[in-house]
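Structure first, then comments.
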There are 2 protein chains.
Amino acid sequence: MKTKLKTTPENRFTEEQNQIALFAKALGHPARVKILQYLFETKSCVCGDIVDEIGLAQSTISQHLKELKKTGLIQGTVEGTSVCYCINNESWTKMKDLLVEFFDQDLIKTDCC
Amino acid sequence: MKTKLKTTPENRFTEEQNQIALFAKALGHPARVKILQYLFETKSCVCGDIVDEIGLAQSTISQHLKELKKTGLIQGTVEGTSVCYCINNESWTKMKDLLVEFFDQDLIKTDCC
DNA sequence: ATAATTAATCGTAATTTTACGATTGATATG
DNA sequence: CATATCAATCGTAAAATTACGATTAATTAT
């Protein structure tokens, strides 16, 4: 039988390529960039403060936070009725190392066209 | 009454935040990560070779190349009937600098939660 | 216990992304 | 010229993203 199977073999991309893309995707929205910057520059990382700071609806911010949590870049701890978010330094470093290594490809490469 | 000043989408994010997100978004798909790696590691950066290398449809690769071109990370030069793609080193460096600076926020940062 | 506060989730709509096949336009080659 | 080749674009469909208001769950305060 002629199998026009659904493509997308999981060996199409390496785990590293997928990881790089995943981290990059997490940074691929200005709101998330701003959230991360805010979490770095302030100690009060309560969700409500983030909502005020960014200027998007509370539910939207929650979605972005969820996205960042998914990659492990941030983590939240319940504090009474609010939730305190902060950078997960381990994940941040992991992302940093992975992406910087990716960026530094150009140090090996010479000219092309 | 507390009047929540509505920020317009234009000044909601800084130009830097938008730039970071834009570059990150470009890297936010494993196919584009792989394309960039391929362009670095080989001298033959012809579109057809990229299609063979990645294993996606030609039109899909074209779309990804367009996306990368949009950010300026790559450029293509027509060579006869084919097109030779290569990294735009200036843009690559610009992205590198911008993102590495963003990554290095953690060097200033103390602990949070 | 009741009310208030906070953040997650739900439901939904608009937009964007991703993928493919088909077509088109450009350039070689016969 | 006719034809083959290559890559961009078109048309389209499925999936994901982004945004919002409304609701819910959990906790704190009255």
Side-chain angles (χ1 to χ4, degrees), chain A residues 2-10 12-13 17-18 21-22 24-35 38-39 44-71 74-86 113, chain B residues 2 4 6-10 12-13 17-18 21-22 24-35 38-39 44-71 74-86 113:
Chain A
K2 177 170 282 197
T3 47
K4 198 173 285 181
L5 244 293
K6 174 175 162 52
T7 57
T8 318
E10 53 264 23
R12 172 170 291 161
F13 306 116
Q17 284 159 350
N18 283 324
L22 233 130
K25 204 172 167 190
L27 306 180
H29 192 289
R32 291 194 288 270
V33 170
K34 192 170 178 178
I35 287 171
Y38 183 66
L39 289 185
S44 67
C45 42
V46 175
C47 178
D49 292 351
I50 299 171
V51 174
D52 294 342
E53 180 73 12
I54 311 293
L56 285 169
Q58 181 265 319
S59 56
T60 306
I61 296 296
S62 241
Q63 268 182 157
H64 284 304
L65 290 172
K66 192 179 177 183
E67 206 62 34
L68 289 172
K69 260 190 291 185
K70 209 178 66 185
T71 66
I74 66 170
Q75 63 199 52
T77 50
V78 179
E79 284 191 0
T81 169
S82 41
V83 176
C84 178
Y85 279 101
C86 64
C113 299
Chain B
K2 52 173 177 181
K4 187 129 175 205
K6 180 143 192 159
T7 45
T8 64
E10 283 77 45
R12 172 169 293 162
F13 306 115
Q17 285 158 351
N18 283 324
L22 241 143
K25 205 171 165 189
L27 306 179
H29 193 289
R32 291 193 289 270
V33 170
K34 191 169 179 179
I35 288 171
Y38 183 67
L39 289 184
S44 65
C45 42
V46 176
C47 179
D49 292 351
I50 299 172
V51 174
D52 295 341
E53 179 73 11
I54 311 292
L56 285 169
Q58 181 263 319
S59 55
T60 305
I61 296 296
S62 241
Q63 266 183 159
H64 284 304
L65 290 172
K66 192 180 177 183
E67 206 62 33
L68 289 171
K69 259 190 292 183
K70 209 177 66 184
T71 65
I74 67 169
Q75 63 198 52
T77 51
V78 179
E79 283 189 1
T81 171
S82 41
V83 176
C84 178
Y85 280 101
C86 63
C113 298

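Naming convention: chains lettered A, B, ... in sequence-line order (proteins, then strands); numbering from 1 in each chain.
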| How many angstroms lie between atom CZ of Arg12(A) and atom CG of Asn18(A), to the nearest 0.5 angstrom? | 11.0 Å
| Can you tell me how far P of dA19(C) sits from CZ of Phe13(A), to the nearest Å? | 7 Å
| request: Kindly indicate whether the side chain of Tyr38(B), heavy atoms from C-beta on, has any atom under 4.5 Å from the side chain of Ile50(B). | output: yes
| note | Each nucleotide of nucleotides 7-17 of chain C classed B (base within 4.0 Å of a protein heavy atom), S (only sugar-phosphate) or -, in 5' to 3' order, makes BBB------SS
| query | CD/Gln17(B) to CD1/Ile35(A) distance, rounded to the nearest 0.5 angstrom? | reply | 10.5 Å
Name the atoms and distances for all side-chain donor-acceptor pairs under 3.5 Å in residues 54-67 of chain A, with sequence neighbours left out.
unit_1, atom_1, unit_2, atom_2, d
His64(A), ND1, Arg32(A), NH1, 3.0
Glu67(A), OE2, Lys70(A), NZ, 2.8

| Rounded to the nearest 0.5 Å, what separation is found between the SG atom of Cys86(A) and the CG atom of Leu39(A)? | 7.5 Å
| request: Respond yes when some side-chain nitrogen or oxygen of His64(A) is under 4.0 Å from OP1 or OP2 of dT17(D), and no when none is. | output: no
| request: Report the distance from atom CD1 of Ile54(B) to atom C1' of dT18(C), rounded to the nearest whole Å. | output: 15 Å
| query | Leu56(B) CG to dA7(D) P: how many Å, rounded? | reply | 15 Å
| remark: Per-helix bend value, the helix from dA1(C)-dT30(D) to dG30(C)-dC1(D), C1' rotation axes over five pairs per end, 10° rounding, shows 10°
| Do you know the tightest heavy-atom contact between Phe13(A) and Ala31(B)? | CE2-CA, 3.4 Å
| remark: In terms of heavy-atom contacts, Gly28(B) and Lys25(A) come closest through O-CD, 3.7 Å
| said: If I take atom CD from residue Gln75(A) and atom SG from residue Cys45(A), how far apart are they, to the nearest 0.5 angstrom? | reply: 9.5 Å
| message | Please report the distance, rounded to the nearest Å, between CD in Gln75(B) and P in dA8(D). | response | 14 Å
